[in-house]
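What follows is one structure encoded as structure tokens, with my remarks underneath.
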Amino acid sequence: MWWKKPNKESVVLLLTPKKPWLALLVLLVPMLAQAWQTDRSYRFSILHTNDHHGHFWSNAQGEYGLAAQKTLMDQQRYDVQARGGGALILSAGDINTGVPESDLLNAEPDIRGMNLVGYDAMALGNHEFDKPLSVLEQQQKWARFPFLAANIYQKGSDRRLFSPWAIFNRMGLKIAVIGLTTTDTLRITNPENVAELEIRDPVKETLKAVAELRATEKPDVIIALTHMGHYDDGQHGSNAPGDVELARSLPPGTLSVIVGGHSHDAVCMAQANSSVPDYQPGQPCQPDRQNGVWIMQAKEWGKYVGRGDFTFRNGELTLENYQLIPVNLKHKVTNQDGSETWLPYQEPIVPNTAMMKLLTPFQLRAGKQLDVAVGRSDGLFVGERNKVRFEQTNLAQLILRAQMAATKADVAVISGGGIRTSLAAGELSLRDLLQVQPFGNQVVSVTLSGEALQDYLARVANIKTNSGGFAQLAGVSLVADGKSVSDVKINGKPLEKKKTYRLATNSFNASGGDGYPQLTTLAGYRNSGLRDADVLRDYVTQHSPLKTADFVPPAIVHLTDEQVRERDRALEKQRKRSYPRMFLAWIWPRAAQD
């Protein structure tokens with residue numbers, strides 16, 4: 001046995017599904033084109049990351065970064081080779097957007113660093129489209145590995161815009177890697193950047209790609225490299241279906257492995273269809289398995305390198321071992337004297353010197369523009385992903401009030417997914433603000449009647465939690481019931497349907513991003529031409545030092561289904577109680593008045 005594991009699982013690749021002819025062809029072709037040798041064991045390992053988001057440099061505590069990742073990847077690759085296997089290094093996308101040093105340089109340091117690490121392929125993530133396609137084209141020129149997406153087409157044609165797959169030979173085994181991108185990209189990306197794209201159904205495109213591959217390349221193993229998200233038991237909410245739904249929707253044996261990203265998860269299962277809720281570095285990790293397909297994801301930012309060790313023998317693929325390897329991750333401890341120390345979870349990984357030589361000039365070049373103090377705060381302004389997509393936060397209030405001030409608006413809204421991190425207490429720099437708002441959207445506004453504003457709020461305030469579109473609101477309080485809104489107040493006063501109000505937002509949401517109503521075609525629409533981070537910078541400077549107590553979010557109440565039913569029952573009961581009085585008023589008006 002190669003790498004040993006107590007709970008070894010395997011999947012037979014050549015099964016016959018009860019599906020239409022295309023699905024049948026997908027599975028029959030390899031039976032006619034066997035390339036592997038009988039009774040020979042082929043060993044290979046997948047090393048993978050996802051959702052890098054510009055983190056080419058380590059953070060203040062020395063965590064992650066491509067220099068340490070390079071050292072770790074080299075160690076793992078050499079270990080795989082020493083055990084008779086071959087390594088495949090994959091990224092599940094979203095290289096772009098999140099760190100100002102990277103954003104200012106269009107992720108050039110990240111891509112050149114990935115070249116040095118030795119990445120073999122990358123799936124296109126939705127954030128690869130945050131900037132115009134000309135930037136993505138330049139990034140492809142920098143990269144020495146392919147950007148994959150089998151389901152992205154030129155709108156109105158059958159022409160794929162990117163390489164659909166890549167073929168690799170590892171120890172005599174032919175491995176195909178198919179790229180897939182979430183269909184949500186068209187909804188959650190600036191519409192101007194994706195206007196010419198068509199992103200097709202991943203299930204249908206996988207079947208199509210696999211049929212093409214098995215008719216031409218005849219691979220032994222097929223891997224899907226996806227940027228679609230992992231949602232336990234396929235419960236994807238308002239997000240597009242992800243990896244679990246993909247695996248369940250395909251005939252058994254279509255894919256062997258899904259290496260994914262997009263949801264920023266450490267996919268480590270506690271039990272069937274339920275992942276470990278708060279995975280900690282160093283814990284064992286069992287990837288998900290659906291319909292015979294292993295599903296893997298390695299959190300975010302290069303915090304981990306995922307490693308899956310496989311053996312292929314007589315048409316059967318076996319996962320021998322899987323682990324998430326932390327990249328210099330640390331935890332904070334409080335000492336007896338009250339001071340704090342960051343301690344590593346594992347033996348420190350020494351940064352690779354060649355990588356440091358490559359990346360340092362990029363870091364210094366961007367740093368000169370970013371290390372500019374803009375203000376101070378007396379506490380934490382909350383912008384973490386697990387907050388801004390679920391509840392109103394004080395950081396959203398800060399951002400929205402800045403936009404209201406710049407446009408003289410009565411109310412403001414943005415999608416929570418546009419807030420990328422928190423602002424810590426103390427001195428604030430331009431870098432800090434650009435980490436919060438890295439997309440470079442412009443601040444816009446529109447004049448609406450009270451009736452139109454209420455209709456707009458009914459749409460955005462009822463977007464579900466745990467999605468990037470979850471609405472952060474300022475200047476308004478309301479009750480949302482999943483379909484409509486009630487008890488709407490603008491700056492403490494009841495909304496008047498015939499009155500005129502001004503709404504502030506950003507160009508992304510105004511263009512229909514995250515599924516918001518499009519505002520750009522309305523007569524009262526105005527684009528200020530001001531970048532959102534610049535508006536925030538000016539507001540922070542003018543109101544510094546910021547006091548968190550001044551930015552308490554408004555009362556936005558989201559009724560549960562049960563609360564809606566209780567409300568409706570109470571209204572029905574009240575309506576029925578009014579029937580006798582109505583009848584009495586009809587036949588005896590004076591008695592009804594008494």
Side-chain angles (χ1 to χ4, degrees), residues 48-57 64-67 69-70 73 89-154 159-166 177-182 184-186 188-197 199 225-228 259-262 300-302 355 358-363 365-366 369 420 434-435 438-441 508:
H48 65 98
T49 62
N50 56 276
D51 296 282
H52 171 81
H53 287 295
H55 290 80
F56 70 87
W57 200 258
Y64 43 88
L66 288 179
Q69 185 185 120
K70 164 67 174 171
M73 285 288 197
I89 303 180
L90 304 175
S91 165
D94 269 8
I95 297 305
N96 289 276
T97 311
V99 176
E101 287 87 344
S102 172
D103 297 340
L104 284 172
L105 302 172
N106 291 331
E108 181 180 358
D110 309 85
I111 292 168
R112 294 195 184 279
M114 292 173 69
N115 289 339
L116 188 56
V117 170
Y119 276 84
D120 293 298
M122 181 187 95
L124 280 168
N126 54 289
H127 285 288
E128 269 61 83
F129 300 94
D130 285 342
K131 294 183 178 181
L133 291 180
S134 58
V135 175
L136 181 55
E137 291 170 0
Q138 179 59 59
Q139 291 176 341
Q140 288 181 287
K141 293 176 182 177
W142 289 328
R144 295 203 296 265
F145 51 89
F147 292 6
L148 304 179
N151 63 327
I152 299 182
Y153 290 78
Q154 176 74 39
R159 183 172 71 88
R160 291 186 176 112
L161 291 179
F162 303 93
S163 299
W165 57 71
V177 178
I178 301 172
L180 294 168
T181 302
T182 175
D184 266 348
T185 299
L186 300 181
I188 62 180
T189 303
N190 189 327
E192 295 177 0
N193 295 341
V194 293
E196 299 303 316
L197 304 186
I199 303 182
L225 183 60
T226 73
H227 193 85
M228 295 167 51
V259 176
H262 185 51
E300 63 189 1
W301 304 357
M355 185 68 79
L358 170 68
L359 297 180
T360 297
F362 290 110
Q363 180 74 3
R365 188 199 318 173
Q369 304 175 53
R420 306 304 289 186
L434 287 171
Q435 286 179 318
F439 300 114
N441 291 311
F508 168 70

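Note that this is a predicted model, so its numbers are computed, not measured.
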*Kindly assign one of parallel, tilted or perpendicular to the pair Phe145 and Phe147, based on the angle between their ring planes and the thresholds 30° and 60°.*
tilted
*Do Asp110 and Ser102 get their side chains close enough for a donor-acceptor pair, meaning under 3.5 Å?*
yes
*To the nearest 0.5 Å, how far apart are NE2 in His55 and CD in Glu300?*
7.5 Å
*Would you say His53 and Arg420 make side-chain contact, with heavy atoms under 4.5 Å?*
yes
*Asp120 side chain to Ile89 backbone, donor-acceptor under 3.5 Å*: yes
*How many angstroms lie between CD in Gln363 and CZ in Phe56, if you round to the nearest 0.5 Å?*
4.5 Å
_Distance check, rounded to the nearest 0.5 Å: Phe129 atom CZ versus Glu192 atom CD?_
15.5 Å
_Reported CG-to-CG distance for the pair Leu116 and Leu358, which is rounded to 0.5 angstrom_ = 6.0 Å
*Any side-chain heavy atom of Val177 sitting closer than 4.5 Å to one from Trp165?*
no
*Locate the shortest heavy-atom distance separating Pro100 from Gln435; write the atom from each residue and the value.*
CD-CG, 3.1 Å
_Using 0.5 Å steps for rounding, measure from the CD1 atom of Ile152 to the CD1 atom of Ile199._
4.5 Å
*asked:* Nearest 0.5 angstrom please: Gln140 CD to Ser163 OG, how far?
replied: 7.5 Å
